[in-house]
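Below is one structure; the comments refer to it alone.
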Number of protein chains: 2
Amino acid sequence: MTKTTRSELFEFDHPCPIRDVLDRIGDQWSLLILKSLEHNAMRFNSLHREIGDISRQMLSRTLKRLEKDGYITRTVYAQVPARVEYALAELGISFLKPMNTLIQWADENHQAICRARKRQN
Amino acid sequence: MTKTTRSELFEFDHPCPIRDVLDRIGDQWSLLILKSLEHNAMRFNSLHREIGDISRQMLSRTLKRLEKDGYITRTVYAQVPARVEYALAELGISFLKPMNTLIQWADENHQAICRARKRQN
DNA sequence: CTGTATCCAAACCGATACTG
DNA sequence: CAGTATCGGTTTGGATACAG
């Protein structure tokens with residue numbers, strides 16, 4: 001009986017699409033990275049500077065996952081020093097629509113949520 | 001110098017609405033619960049059965065947080081044994097729109113994501 | 001029936017040093 | 001410049017026993 005972790009289990013054959021998508025995209029950084037790439041491709045360090053408070057570790061990991069899931073592409077230009085650009089893939093572009101709907105809602109309702117929290121505690 | 005955890009820090013005064021909202025809603029269960037309440041109010045055990053693989057612990061915690069943030073309401077009916085109903089609050093109802101946009105996208109693109117994953121590994 | 005308390009494992013994330 | 005390896009702290013989540 002080898003133990004299967006949740007990650008391994010969910011990588012393929014996920015029975016519920018929404019959970020599958022959210023498990024991958026609902027972390028601290030994915031949306032932020034996708035948003036940063038909305039209008040133009042970016043290099044590793046540019047992303048690092050633009051997002052500001054992300055560690056290189058997490059930026060690297062999150063980019064890998066987004067690439068693996070097909071949201072973004074990674075292009076290496078043969079130069080010295082190396083130049084790597086990240087850009088939205090087709091899936092990433094199509095994801096922009098629901099993502100921006102969500103962002104807009106968050107902007108509009110953020111205040112209401114803060115008020116609700118303060119009321120109760 | 002008391003150490004401030006991320007949770008404490010983010011509870012109020014979050015500088016970025018989208019991160020604030022996603023930090024709370026982007027967990028394993030919130031969307032599922034909100035979706036279950038979409039068409040009717042439900043009791044604790046009904047939710048537990050309907051969702052199936054959630055533990056009582058997590059159902060309880062997640063409901064508390066959703067209530068605190070103003071997404072749902074909790075109504076206790078004075079009976080023996082106690083009867084408690086959870087229902088969408090105004091904020092929860094308004095959240096349905098962006099949420100369903102996201103769910104629809106996930107349904108439509110789930111296959112593409114699975115294919116992307118398999119291609120690369 | 002509707003939860004909460006406790007304990008433990010897995011996952012997430014950051015700091016930092018190191019590699020090509 | 002573009003990462004990866006290691007380590008340790010925090011958070012999330014499940015199982016289960018207990019409480020009103």
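Here the structure is a predicted model, which means the values were calculated and not measured. Each chain gets a letter, A, B and so on, in the order the sequences are listed, and its residues count up from 1.
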Side-chain N or O of B/Arg74 versus OP1/OP2 of C/dG3: is the shortest distance under 4.0 Å? yes
If I take atom CD1 in residue B/Ile33 and atom P in nucleotide C/dG3, what distance separates them, rounded to the nearest angstrom? 12 Å
Mind calculating the distance between CD1 (B/Ile54) and P (D/dG13) to the nearest angstrom? 9 Å
Would you call A/Arg19 and B/Asp53 a salt bridge, taking side-chain N to carboxylate O under 4.0 Å as the test? yes
Between B/Ser60 and C/dG3, is there a side-chain N or O to OP1/OP2 distance below 4.0 Å? no
Along DNA chain D (nearest heavy atom to each residue), the more 5'-positioned of A/Arg61 and A/Arg83: A/Arg83
Salt bridge or not between B/Glu67 and B/Arg65? Use side-chain N to carboxylate O under 4.0 Å. no
Among D/dG13, C/dG3, C/dC1, which is the nearest nucleotide to the side chain of B/Asp27? D/dG13
Report the distance from atom CG of B/Asp23 to atom C1' of D/dT10, rounded to the nearest whole Å. 13 Å
Listed nucleotide nearest any side-chain atom of A/Arg43, set C/dT2, D/dA2, C/dG14: D/dA2
Strictly below 4.0 Å: does A/Tyr86 bring a side-chain N or O up to OP1 or OP2 of D/dG3? yes
Among D/dA2, C/dG14, D/dG13, find the nucleotide with the atom closest to the side chain of A/Met58. C/dG14
Rounded distance in Å - CG (B/Asn45) to P (C/dT4): 13 Å
Output the rounded distance in Å from CG (A/Leu59) to P (C/dT16). 17 Å
Among the nucleotides C/dA15, D/dA2, C/dT2, whichever has the atom closest to the side chain of A/Ser55 is C/dA15
Checking contacts here: which listed nucleotide (D/dG14, C/dC13, C/dT2) is nearest the side-chain heavy atoms of B/Phe44? C/dT2
In whole angstrom, give the distance that lies between atom CD of B/Gln28 and atom C1' of C/dA11. 11 Å
Looking at the base of D/dT6, is there any donor atom on it, or on the side chain of A/Gln57, that sits under 3.5 Å from an acceptor on the other one? yes
Judged by nearest nucleotide, the residue sitting upstream toward the 5' end of DNA chain C, A/Arg56 or A/Ala82, is A/Arg56
Rounded to whole Å, NE2 of B/His48 lies from P of C/dC1 at a distance of 11 Å
Look at the side chain of B/Lys64 and decide which nucleotide, out of C/dT4, C/dC12, C/dT2, has an atom nearest to it. C/dT4
Neighbour count above 12 (heavy atom, 6.0 Å) for B/Glu38 CD: yes
State plainly whether one hydrophobic cluster holds both A/Tyr77 and A/Ile72, where clusters connect Ile, Leu, Val, Met, Phe, Trp and Tyr through side-chain heavy atoms under 4.5 angstrom apart. no
Atom-pair distance (CD on B/Glu85; P on C/dC1), nearest Å: 14 Å
Do the ring planes of A/Phe44 and A/Tyr86 sit parallel (below 30°), tilted (30 to 60°) or perpendicular (above 60°)? tilted
